[in-house]
2 protein chains.
Amino acid sequence: MDTDVKRRRLQLFEQLCRDRGIPATVQRRAILEAVLGLTTHPTADAVFSEVSRRIPGVSRTTVYRTLDALFAMGLIAKASHAGSAVRYDPNTSAHHHLVCRNCDAVIDVIDERLDHVPVPDTSLVGFVVTDHQVQFRGLCKNCRTKEDEP
Amino acid sequence: MDTDVKRRRLQLFEQLCRDRGIPATVQRRAILEAVLGLTTHPTADAVFSEVSRRIPGVSRTTVYRTLDALFAMGLIAKASHAGSAVRYDPNTSAHHHLVCRNCDAVIDVIDERLDHVPVPDTSLVGFVVTDHQVQFRGLCKNCRTKEDEP
DNA sequence: TTAAGTGCAAAAGCTTTGCGGGTAG
DNA sequence: CTACCCGCAAAGCTTTTGCACTTAA
């Protein structure tokens with residue numbers, strides 16, 4: 001992620017904490033920095049590994065709780081796709097995903113044309129649409145080469 | 001699900017089993033019928049409950065194993081969206097979903113316009129797209145009324 | 001000071017695995 | 001007959017919860 005964006009996100013974090021009168025702890029800063037530094041849409045466990053390097057004694061529980069908190073503050077996003085574990089995403093603006101059906105890797109897609117797909121008429125079922133996301137499924141580079149050599 | 005479609009799906013199941021020389025057991029038939037009969041994109045546990053009614057002694061393990069097998073045979077689909085449990089879908093053809101961000105309910109969307117969204121250029125990352133799905137997020141009827149009365 | 005956060009241990013929810021006995025083809 | 005399936009129990013992985021101690025504001 002761009003250094004400038006990171007810096008601003010961290011400043012936003014500090015401000016949101018001040019506004020709400022909640023402590024900006026070492027752990028929280030480190031966990032936010034870890035997500036901002038990973039481009040792999042890490043699972044909570046992957047974030048835990050990364051953070052453990054900087055704060056050796058940190059607990060998994062704190063990572064889970066903090067990821068939830070950062071998500072609630074709008075500082076990070078959840079990547080919604082099938083798979084055993086939830087994945088987190090530093091990119092909070094509208095974007096789409098390539099999802100590998102073999103290894104569950106998630107790659108960002110930025111394409112304005114996808115931000116304006118036709119919204120179906122959902123008045124019959126009483127559903128209110130606020131948001132949408134396009135998922136492209138297929139095979140990533142790694143898994144493609146693996147399938148070629150059986 | 002339409003009775004005719006159900007009947008044909010069950011026939012297809014019998015034939016696939018014969019072709020592959022694998023037994024079409026009572027349990028498998030019942031599990032397939034259960035998924036075809038539920039329009040709620042049931043979790044494995046919901047399928048288990050439904051099947052238990054017809055086959056009182058059936059085990060969760062068999063339900064999990066069979067859902068996997070039916071998926072591998074292309075007889076049912078997995079609904080890919082964030083949430084703790086995997087959900088199964090009798091509709092195996094291209095379609096899209098409304099996902100409630102409050103209760104995780106999944107509702108089918110059939111809209112041809114969504115079947116032809118622009119496919120982004122993924123040659124740079126070496127990803128081969130085979131498929132896509134649009135997810136509309138928002139609030140379902142139930143959760144909307146709940147939020148109105150806090 | 002004091003409300004909130006942290007770590008630990010334990011539990012909960014979903015799913016998979018190993019194994020002995022049973023059953024469809 | 002024989003390969004495959006079934007149910008049971010146990011374990012695995014991700015995530016949540018309760019509680020005593022610590023820390024940021």
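In what follows, chains are A, B, ... by sequence order, proteins preceding strands, each numbered from 1.
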Subject >> A:K78 NZ - D:dT14 P separation (whole Å) >> reply: 16 Å

Original post:
How far apart are the C-alpha atoms of B:D68 and B:R65, what are their side-chain angles, what is the distance that settles it, and do they pass the salt bridge (charged side-chain N to carboxylate O under 4.0 Å, His left out) test?
Top reply: CA-CA 5 Å; B:D68 254 10; B:R65 272 192 294 229; over 6 Å; no

**OP:** Please state how far atom CZ in B:R60 lies from atom C1' in D:dA10, giving the value in whole angstrom units.
**Re:** 15 Å

Original post:
What is the distance, rounded to the nearest whole Å, between atom CZ of A:R87 and atom P of D:dC13?
Top reply: 16 Å

Subject >> Identified side chain to side chain contact (heavy atoms under 4.5 Å, CB included) partner of A:F48 from the options A:T62, A:T43, A:V58, A:L67 >> reply: A:V58

**OP:** If the plane angle is over 60° it's perpendicular, under 30° parallel, otherwise tilted; pick one for B:H41 and B:H97.
**Re:** perpendicular

Original post:
Any side-chain N or O of A:R65 under 4.0 Å from OP1/OP2 of C:dT6?
Top reply: no

**OP:** Starting at atom CD of B:Q27, determine the distance to atom C1' of C:dT23, rounded to an integer number of angstrom.
**Re:** 10 Å

**OP:** Could you tell me whether the phosphate oxygens of D:dG7, OP1 or OP2, come under 4.0 Å of any side-chain nitrogen or oxygen in B:T62?
**Re:** yes

**OP:** For B:R18, report the nucleic acid contact type (base, sugar-phosphate, nothing); a contact means any heavy atom under 4.0 Å.
**Re:** nothing

Original post:
Mapping B:D68 and B:G21 onto DNA chain C by nearest heavy atom, which one lands closer to the 5' end?
Top reply: B:D68

**OP:** Using a cut-off of strictly less than 4.0 Å, decide whether A:T25 has a side-chain nitrogen or oxygen near OP1 or OP2 of C:dA4.
**Re:** no

**OP:** With DNA chain D as reference, determine whether B:T61 or B:I22 sits nearer its 5' end, using the nearest nucleotide of each.
**Re:** B:I22

Original post:
Taking only side-chain nitrogens and oxygens of B:Y64, does any of them come within less than 4.0 Å of OP1 or OP2 of C:dT16?
Top reply: no

Original post:
To the nearest Å, how far apart are B:F48 CZ and D:dC6 P?
Top reply: 14 Å

Original post:
Quick one: B:E14 CD to C:dA24 C1', roughly how many Å, whole number?
Top reply: 12 Å

Original post:
Given atom CZ of B:R28 and atom P of D:dG7, what is their separation to the nearest angstrom?
Top reply: 11 Å

Original post:
Separation of A:D19 atom CG from D:dA24 atom P, in whole Å?
Top reply: 20 Å

Original post:
How many angstroms lie between NZ in B:K6 and CD in B:Q11, if you round to the nearest 0.5 Å?
Top reply: 14.5 Å

Original post:
Quick one: does A:E50's side chain get under 4.5 Å of A:E33's, heavy atoms only?
Top reply: no

